[in-house]
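First listed ligand is number 1; within each ligand, the first listed atom is number 1. These figures come from a predicted structure and were not determined experimentally.
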Amino acid sequence: MQYCPRCKVKIRGNKRCCPLCQGLLEGEPESPAFPVIKKPAVSQVSFFRIVTFVLIVLEIAMITLDFLTDRALPWVSLTEIYAVICWADLWIALYFRNNVIKMVTIELYIAMVICLIIDIGSGFRGWSVEWMIPSTFVGMAIITVIIAKILHISLEVYIIYLFTNVMLSLLQTIGTLSGLNKFPAPAVISMALLLIGGAAMALFRSRELKSATGKWFNL
Ligand SMILES: [Zn+2]
């Protein structure tokens, strides 16, 4: 332990001078009081910049190829879309790496929107609103609970995701009531299951739900 003869204080760790009087210290320095965090060779920010650069190069190459071949190659535009999806996915994964549930939730919501857009864009055969979206809402609730159990996340932390899931699943009423959804059974069942879950949360877990929604809306 180090010692400042002027201030008559003992100092832990390894200091070059006294933190009070800046004077010279006596005694043997110890190992630092706080651990030194090693920086990774390539930080995540520069890794992401490299990936973004690769994406930009790829997109420019694909647009050029598309132009030179007079839009004859169908896989070109598909590659462009997939590259952007992969890039966005990586961004989400890096950004929310400390919150797996948030990451998975956002990815699944994006997947639902993308499927809806693809369905509408390809002539709206209805597979997105009839099957994909209803099953994803229910699947998302199950996955959220499974991840929380595996990672020992407390209900207070993840109940907001379940609650949001129930609320957003009710948007399916738009497709069901407007007649856009020609086969509404899966959507209706998915909403019914999630509403039962929502009612259970509101009745038996009201304390966690109240605290979680309070935090959410205060932000
Ligand atoms: Zn001192």
May I ask you to check whether F183 and W127 place their ring centers less than 6.0 Å from one another? no
Nearest-0.5 Å distance that lies between atom CD1 in I85 and atom CD1 in I110: 9.5 Å
For the backbone of G126 and the side chain of N181, can you confirm whether one donor and one acceptor N or O come within less than 3.5 Å of each other? no
Are V157 and L151 connected in the hydrophobic side-chain network, where two residues link if heavy atoms are under 4.5 Å apart? yes
What residues form a salt bridge (charged side-chain N to carboxylate O under 4.0 Å, His left out) with E208, not counting sequence neighbours? R205
Rounded distance (nearest 0.5 Å) linking atom CD of E59 with atom CD1 of I81: 9.5 Å
For the Zn ion (ligand 1), which protein N/O/S atoms are closer than 2.8 Å? C4 SG, C7 SG, C18 SG, C21 SG
